[in-house]
Amino acid sequence: MNQTVVTLDKNGDIGVIRIDNPPVNALSQPVRAGLQAAIEQVQADATIRAVVVHAAGRTFVAGADINEFSLPELPPPGFHEIFDQLERLNRPVIAAIHGTALGGGLELALACHYRIALESAKVGLPEVHLGILPGAGGTQRLPRLIGAQAALNMILKGEHVAAAKALQLGILDAVVGDEDLLAAALRYARELLSQGKGPRRTSELTVDPASVPAGLFEQARAALQKRPTGNPAPARIIDCVEAAVSKTFAEGAALEKRLVEECRRTQESAALRHRFFAEREAAKIPGLPRDLELRTIKRVGVVGAGTMGGGIAMNFVNVGIPVRIVEVEQAALERGLGVVRKNYEISVTRGRLTAEEVEQRMALLQGTLDYADLADCDLVIEAVFEDLELKKKVCTRLGEVCKPGAIIASNTSTLDIDVLAEASGRPADFLGMHFFSPANVMRLLEVVRGAKTAPAVLVTVVNLAKTIGKVPVVSGVCFGFIGNRMLESYLREAEFLLLEGASPAQIDAAIQSLGLPMGPCRMLDLAGVDVGAKVVFEQAKAGILPPDPSYRVVVQKLYELGRYGQKTGAGYYKYDGRMPLEDPEVETICRQLAAEHGIQRRSDISEQEIIERCLYPLINEGAKILEEGIAYRASDIDVVWINGYGFPDYRGGPMFWADSIGLDRIAERLDHYAQVRGNEYGYWTRAALLTRLVNEGRKFADLGIMQG
Ligand SMILES: NC(=O)c1ccc[n+]([C@@H]2O[C@H](COP(=O)([O-])OP(=O)(O)OC[C@H]3O[C@@H](n4cnc5c(N)ncnc54)[C@H](O)[C@@H]3O)[C@@H](O)[C@H]2O)c1
C-alpha cells in the first residue's frame, strides 16, 4: 500500500480507510493503488466488521487528477476496477464526506454502501464542464440511486449540490452538523451493525422504467440539437443514463467506459480542460516575493453611478462588502441607484433573490455627492465618463481624499493607466480594474498593472476579484489592454470586408459558425456604434491609428449618421424590436465609402476568408501581446477571450485554437493576405514571436511565462 496517501487503521472492529493526498485528495494513480491495497487488506481481515472511507485535510476527494486525462492511457489500476472491488466488500462501507465530493470523489462515495456528510459539504459530477462524462460508474450508479431524471439533470448541468439537497435526493443517507465527522461516521457504522444491516450495493439496484418520465431522453436529445454546444459530453451522458435504465450494470458500465474514452480523445474536451487549467493559472502572478503584506478590503468606493459604476458596485454588495458610490448630482445618483434596484428586482421575479435580500443589498449601497465620504474606503474604483482630463481630475481628487494605504483603481477602457496613476499622486497604490459590461454579470476582470503598481496592491486586487466571483487576468499597460487591443484588428478586417462587398449578415454568420455568440456587426450594434466609434477617436487622439484614410471608416460614418445600433433602431442592421434585419442603406454606405477610398468590390468573399481575415490577425496581435510581456501566458489571452468576448470554450480560446490549426498555417495565411491585400500599413506583418515559433516547430502552449 502507498503508506503516505492511503492508510488503513482500525477503530475497534471498524476499519478506517484514510485518503491523504493534499491539497484536494485527487484520485491520482498512487491514491488508486493505495485504495486497492487497503481494500485487499480489509478482505483479508475477518475482524473488520465495517469500513469507513474518509479523507484528511480540507475536503473529501474533490475529483480525479485532471493531469492524467492528457496521458495516452490512464495508469492502472482503473477506477471501475477499484470501485467495483470496494462495492463488493461483504461488510458495510460508509463514506464520510466533508468539503466537496466531486467527480471521481462522488463516484467513490457512490461505490460505498452508505454516505454520511457534514451539512457544509457539497457533492456533484462536474465532468461535463471538461467535455467528458463521469467515467468511474457515476452515470450508472447515480440513476440507480436517485432516479433517471434527477441524475440526468445533475450530470448534464454538472452542478454542485449542497448536502441538504443531496440528502433529499437520496444521494446521502445522513447529514450531521458541525461536529467530528469521523466520530459521527464510526457511530453510524456501529448503528448499522447493531441493526444487523449489511452491504447495500447501488449497482445491484434497478431503475423502475415506470419512474422515468415519458420521452425524457428524447426530449433531452432534442434540446441538445436545438442548442448545440460543441461539447462532446452531453449527448453521450444521455446515452449512458438511458443505459442505466435499460441495461445491466455491467453493460452500462462498459458503455460508460467506452464513451468517456471517446470524449477524452476529442479536441473539444482537450480545449475545455485547457480552459480549466488556464483560469487557475491566470490568477498566479509570476516573480513576486512570497511574503507580501496584502491589504484588507472591507469597504469599497465607486465613482460614477452610470452603466459600469452601478454594475461594479453590485459585485461587492453581493458578497456583503459595503459600497459608497459618488455622483456629481442627485438626479444621476438616484437614477444609478434605481437601475441597481431594478436589476435586483428582476432577480426576485426569477426566483434568484428574495425581497428581503434585495433590501439587505441595497442597505449596503450608500450614495453620496461628497468625495470626502470615500475617506474610509479601502479601495476606490472610478467609472466616470471616458475623458482623460475629467479622469485625471477625479484621480487627483481621490489621491487627496483617500486614506493612506487605500487602493485606487480606474475602469477606463482606453486611457493610459500610468498617466492616471501619476495624477493620483500615489502610483504605487494605483491600477486598472477593467470590468466588462454588464459588470455584474461578465466574469472577466482585466487587472491592469501600471509601471509603478505595488505587488501587494496587484495581488490584493487579484484575490478580491476571485472573492467577487470574477476571473482575473493581469494585463500590462497598452491601448485596449489584452482583449480590446486584439479586438481592434478583428473589427478592422470586418470593416474592410464590408467595404469589399460582404454584408454584415454574411460576416456575422461566418464568425458565428465558429461558435461565437455574435459576429462583429451584431456586437457593435449591441454595445453601441457610438461607443465603438469613440474608441477610434480616442486612438486618433493618442496618435496610434495607422495613417490609413480607409481605417474603420464604416463605424465612423454610421456614427456620423446617428446609427448607434440597436438603441437607435439602426446601425450595421436596422431593427424590428431586437430583431436585426439587413438594411440596403448600409450596402449603399459601404459602396460609397469603397468608391471614395478606391476599394474594389467583389462577390467572391467566402466564409473561410472571413474567418481567416478576422481571426488570424487577432491571433497575430495576441502573439505581439505576448512578446511585449503585456500578457504573461498565451493561456491568459484565452481566458480573456472566453470570459470577456464569448469565444467558444470548446475551442479553448484563440491561442489554443491557433495551436490546433497549426501556427505554420496561420503564418502562411497572414503572408497570403499580405500578398493579395498589400501590406502598406503592416496589417499582415507577422509577430516576431509567431515566426520564431513556426521556425522552431513549437506552439503557443509550449511558451513559458513571458515578461516583456
Ligand atoms: N460601457 C461599457 O461597456 C464599458 C466597459 C468597460 C469599461 N467602461 C468604462 O467605464 C467608464 C464608465 O463608463 P459608463 O459606460 O459607465 O459611462 P456612463 O456614462 O454610463 O456613466 C458615467 C457616470 O459617471 C458620472 N460622472 C461623471 N463625472 C463624474 C464625477 N466627476 N464624479 C462622479 N461621477 C461622475 C456621470 O454622471 C455618469 O453617471 C468609462 O471609463 C468606460 O470607458 C465602459
Side-chain angles (χ1 to χ4, degrees), residues 301-315 323-340 343 365-374 377 380-402 408-417 419-420 423-424 431-448 470 473 475 479-485 487 491 523-539 541-542 564-567 640 643-646:
V302 174
V303 186
T307 313
M308 295 306 286
I312 292 169
M314 287 172 77
N315 288 301
V323 175
R324 295 245 162 82
I325 188 159
V326 189
E327 259 293 347
V328 266
E329 48 175 44
Q330 191 63 28
L333 183 60
E334 278 168 21
R335 197 170 48 240
L337 293 175
V339 172
V340 172
N343 277 334
L365 184 57
Q366 260 181 5
T368 174
L369 300 179
D370 188 354
Y371 274 65
D373 289 337
L374 299 174
C377 291
V380 178
I381 306 165
E382 76 73 22
V384 302
F385 302 130
E386 190 76 343
D387 174 307
L388 181 63
E389 288 316 310
L390 172 67
K391 286 218 195 249
K392 272 166 69 178
K393 260 190 228 146
V394 167
C395 291
T396 305
R397 184 85 184 101
L398 292 178
E400 289 160 6
V401 299
C402 289
I408 307 176
S410 170
N411 181 48
T412 181
S413 303
T414 58
L415 303 174
D416 188 332
I417 288 294
V419 170
L420 299 178
S424 76
L431 43 55
M433 288 177 75
H434 187 220
F435 287 86
F436 284 67
S437 182
N440 55 317
V441 177
M442 295 295 287
R443 291 180 76 219
L444 179 65
L445 178 67
E446 283 182 320
V447 179
V448 187
K470 297 292 171 197
V473 175
S475 169
F479 192 93
F481 314 128
I482 297 173
N484 283 345
R485 174 168 158 186
L487 186 72
L491 297 178
M523 189 193 79
L524 276 177
D525 270 359
L526 200 66
V529 171
D530 51 334
V531 177
K534 280 182 191 157
V535 174
V536 181
F537 303 146
E538 283 301 329
Q539 283 174 295
K541 267 199 242 163
Y564 290 176
Q566 196 167 303
K567 61 188 169 194
V640 165
N643 293 296
Y645 299 84

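Side chains are part of it too, since the values below use all heavy atoms of this structure and drop only hydrogens, waters and symmetry mates. Counting starts at 1 for both ligands and their atoms, following the listed order.
Nearest protein neighbour of atom 2 (C) of ligand 1, counting heavy atoms only, is Met308 SD, 3.7 Å. When only non-hydrogen protein atoms are considered, atom 32 (N) of ligand 1 lies nearest to Tyr371 OH, 2.8 Å. At the shortest separation from atom 8 (N) of ligand 1 among protein heavy atoms lies Ser413 OG, 3.3 Å. In terms of protein heavy-atom proximity, atom 43 (O) of ligand 1 is nearest to Glu386 OE1, 2.8 Å. Protein heavy atom at the shortest distance from atom 11 (C) of ligand 1 is Val384 O, 3.4 Å. In this structure, atom 6 (C) of ligand 1 lies nearest to the protein heavy atom Phe435 O, 3.1 Å. For atom 37 (O) of ligand 1, the closest non-hydrogen atom on the protein side is Glu327 OE1, 2.8 Å. Looking from atom 3 (O) of ligand 1 to the surrounding protein, the closest heavy atom is Ser437 CB, 3.3 Å.
With a 4.0 Å cut-off on non-hydrogen atoms, Val326 touches ligand 1 through its backbone and not its side chain. At a heavy-atom cutoff of 4.0 Å, ligand 1 is contacted by the side chain of Leu390 but not by its backbone. Contact annotation: for Arg335 versus ligand 1, there are no heavy atoms closer than 4.0 Å.
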Given salt bridge (charged side-chain N to carboxylate O under 4.0 Å, His left out), test Lys567 with Asp530 step by step and report yes or no.
CA-CA 10 Å; Lys567 61 188 169 194; Asp530 51 334; 3.0 Å; yes
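Within the 3.5 Å criterion, the main-chain N or O of Ser424 finds no donor-acceptor partner in the side chain of Thr396. One N or O on the side chain of Glu382 and one on the backbone of Val384 form a donor-acceptor pair closer than 3.5 Å. No donor-acceptor distance shorter than 3.5 angstrom exists from the side chain of Asn484 to the backbone of Leu487, with no hydrogens or angles considered.
Checked against a 3.5 angstrom limit, the closest N/O atoms of Asn411 and ligand 1 fall inside it. Considering backbone and side-chain N/O of Ala332, none are found under 3.5 Å from N/O of ligand 1.
The presence of a protein heavy atom under 4.0 Å from atom 17 (O) of ligand 1 is ruled out.
The side-chain contact (heavy atoms from CB on, under 4.5 Å) search around Arg397 returns Tyr371, Glu400, Val401, not counting sequence neighbours.
Inspection of the Ser413 and Glu386 side chains reveals no N or O donor paired with an N or O acceptor under 3.5 Å.
Residue Ile482 holds its CD1 atom at 8.5 Å from CG of Leu444, rounded to the nearest 0.5 Å.
The shell of residues lying under 4.0 angstrom from ligand 1, judged by heavy atoms, excludes Gly336.
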Quiz: residues 323-331 side-chain donor-acceptor pairs under 3.5 angstrom, not counting sequence neighbours:
unit_1: Arg324; atom_1: NE; unit_2: Gln366; atom_2: OE1; d: 2.6
unit_1: Arg324; atom_1: NH1; unit_2: Asp373; atom_2: O; d: 3.0
unit_1: Arg324; atom_1: NH1; unit_2: Asp376; atom_2: OD1; d: 2.7
unit_1: Arg324; atom_1: NH1; unit_2: Asp376; atom_2: OD2; d: 3.3
unit_1: Arg324; atom_1: NH2; unit_2: Gln366; atom_2: OE1; d: 3.4
unit_1: Glu327; atom_1: OE2; unit_2: Ala305; atom_2: N; d: 2.7
unit_1: Gln330; atom_1: NE2; unit_2: Glu334; atom_2: OE2; d: 2.9

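The minimum heavy-atom distance linking Lys391 with Phe385 is given by the pair CE-O, 3.5 Å.
Around atom 12 (C) of ligand 1, the closest heavy atom drawn from Gly309, Ala383, Ser410 belongs to Ala383.
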